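Reviewing the structure listed below.
Numbered from 1 within each chain, the chains take letters A, B, ... in sequence-line order. Because the structure is a prediction, the values reported are computed rather than measured.
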2 protein chains.
Amino acid sequence: MKDNKISMAVIRRLPKYHRYLSQLMDRDINRISSKELSKIIGFSASQIRQDLNNFGGFGQQGYGYNVEALYREIGKILGLDREYKTVIIGAGNLGQALANYTNFSRFGYKLQAMFDVNPRLMGLRINDVEVKDVDLLGDYVRENNIDIAYVCTNRSSAQQIADILCKNGIKAVWNFTPVDLVLKKGAVVENIHLIENLFTLSYFLKENE
Amino acid sequence: MKDNKISMAVIRRLPKYHRYLSQLMDRDINRISSKELSKIIGFSASQIRQDLNNFGGFGQQGYGYNVEALYREIGKILGLDREYKTVIIGAGNLGQALANYTNFSRFGYKLQAMFDVNPRLMGLRINDVEVKDVDLLGDYVRENNIDIAYVCTNRSSAQQIADILCKNGIKAVWNFTPVDLVLKKGAVVENIHLIENLFTLSYFLKENE
DNA sequence: CTATTTTTGTCAATCTTATAACAAAGGCTT
DNA sequence: AAGCCTTTGTTATAAGATTGACAAAAATAG
């Protein structure tokens, strides 16, 4: 497996490969060519071969790719071969929705605790996880070696929460607030900017008319 | 305003311009150069100028861009100069979270109704919007000329819902399920694939170590 | 009113990403 | 077992996106 600088475009396609391979496994298909995969996933066969070849030759000429092996390899590349301790900050509807997603846990993202400012939510248990006072966040993250924090607060407290997280050694932040968080060098971030996605949707709606 | 084929990369940056311009307006700044904007938004000044120039020369040499005018122009490009009738399918935590977002309504996305299969949720009012039986979805969409549907169902019913929506003239689908929906030609789709975003986050986490 | 500074719009160059082409490897058929 | 067919890995080519450079326009300063 060569490791020299995979392009962003490739990385962002990997989860989709992973998902489609999982589907193939469900259908008990254990072999697939780039051409067949192209048909169902919508990327060109050439692109698929080139993408996968970034990580070493998983395929075999005249045969194609072994679905299960490829699925596992891509999982490994994405870091799904280990567990992550996660917390949710903001126990509103969105935070609760994320807490209830069984899928995340299935792939190794283990929710340890939730935090909120609202005293009425504290002590509540959602999907067997307790909502704690956000004042305890920093200590909790540090003492429990939390890997990933899902930030579902409102816009105004997001950066302040991010600062607390970074100060206490968070490794990754999943940001659901409409703010571009500034993090320390040790931490990475991915954003779900809902409103931006909705705006592009209405752009395409107009274009399509 | 030239209209000949704007690239996808540009489109996806527009909402971010819109957001930062809004911030500038809040701070009563009514003029900005590409260089200054570059510093706060993080795109290169050259890219900013080229992006904006796709839609016609909004700037003025020696002066820069008028913040409010530019904000309004980008809003217009994104289709924010009109209202959209929306529905939510799936009134679980996520559906409820979306129903409670005041931001969407502020930008013209007006929630008309919610739908669910669960009889216990029917009749419930969330943020003043009623949860209806999903069996009524098709008729409702057609009769009320719904523009956009937010699909927050589980994976297994998503495509079936999409078919109903298309058959009844939906124009856009905002898809929160981990499925790639197949739509009729008249409809556009944007996906929020949470798990894919989370996977890339753990990839970056590993890379960053 | 003139000179200087700022800053855009735009063209050219570079860098990145995607597609096409094809030799080499290996499976499959008869 | 021989020959044909499939399919990869990889290189070459094309397309797309970003950055750099600079003339022309307009503001600002003196």
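When the P atom of C:dT8 is taken as reference, atom CG of B:Leu70 falls 11 Å away, rounded to whole Å. Rounded to an integer number of Å, the gap from A:Tyr65 OH to D:dT7 C1' is 9 Å. Atom-to-atom, CD1 of A:Ile6 to C1' of C:dT16 comes out at 14 Å; the value is rounded to the nearest Å. Atom P of nucleotide D:dA17 and atom NZ of B:Lys5 are separated by 10 Å, given to the nearest angstrom. Atom-to-atom, CG of A:Asn54 to P of C:dT16 comes out at 14 Å; the value is rounded to the nearest Å. Rounded to whole angstrom, the span from the CZ atom of B:Phe58 across to the C1' atom of C:dT7 amounts to 17 Å. We find that CG of B:Asp51 is positioned 14 Å from C1' of C:dT8, with the value rounded to whole Å. Here D:dT7 presents its P atom at 15 Å from CG of A:Asn66, a figure rounded to the nearest Å.
Ring geometry for B:Phe115 versus B:Tyr140: interplanar angle over 60°, hence perpendicular rather than tilted (30 to 60°).
Nearest-nucleotide assignment on DNA chain D puts the 5′-proximal partner with A:Leu52, out of B:Met8 and A:Leu52.
B:Leu201 pairs in a side-chain contact (heavy atoms from CB on, under 4.5 Å) with only one of the listed residues (A:Tyr150, A:Trp174, A:Tyr109, A:Tyr84), which is A:Trp174.
Taking CG of A:Leu52 as the reference point, atom OH of A:Tyr65 lies at 5.0 Å (rounded to 0.5 Å). To the nearest 0.5 Å, atoms CG (A:Leu181) and CD (A:Gln159) are separated by 5.5 Å. Separating the CD1 atom in A:Ile74 from the CG atom in A:Leu21 is a distance of 5.0 Å, to the nearest 0.5 Å. Atoms CZ and NE2, on B:Phe107 and B:His18 in that order, are 5.5 Å from each other to the nearest 0.5 Å.
Between B:Asp81 and B:Lys76 no salt bridge is recorded (no basic side-chain N to carboxylate O distance below 4.0 Å). Ion pairing between A:Glu190 and A:Arg12 holds under the 4.0 Å rule for side-chain N and carboxylate O. With salt bridges taken as basic N to acidic carboxylate O contacts below 4.0 Å, none links B:Lys16 and B:Asp51.
For residues 12-30 of chain A, proximity to DNA chain D is found at no residue, defined as any non-hydrogen atom under 4.0 angstrom from a strand atom. Proximity of residues 37-47 of chain B to DNA chain D (heavy atom under 4.0 angstrom from any strand atom) is restricted to B:Ser44, B:Ser46, B:Gln47.
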Per-nt protein contacts along nucleotides 22-30 of chain D (heavy atom under 4.0 Å; B base, S backbone sugar-phosphate only, - none) come out as --BBSSS--
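Candidate nucleotides C:dT17, C:dT7, D:dT18 were compared by shortest atom distance to the side chain of A:Ala9, and C:dT17 ranks first. Considering only the side chain of B:Gln50, C:dA12 comes nearest among D:dT10, C:dT17, C:dA12. The side chain of A:Ser34 approaches D:dT8 more closely than any other nucleotide in the set D:dT8, D:dT10, D:dA17.
Proximity of a side-chain donor or acceptor of A:Arg31 to a complementary backbone N or O of A:Gly64 within less than 3.5 Å is not detected.
Within the structure, every side-chain polar atom (N or O) of A:Ser7 is placed at least 4.0 Å from both OP1 and OP2 of C:dT16.
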**Prompt:** Please walk me through it: do A:Asp147 and A:Arg82 pass salt bridge (Lys or Arg N to Asp or Glu O under 4.0 Å)?
**Reply:** CA-CA 11 Å; A:Asp147 299 291; A:Arg82 52 160 289 197; 3.3 Å; yes
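No donor-acceptor contact under 3.5 angstrom links the side chains of A:Gln50 and A:Asn54, judged on distance only.
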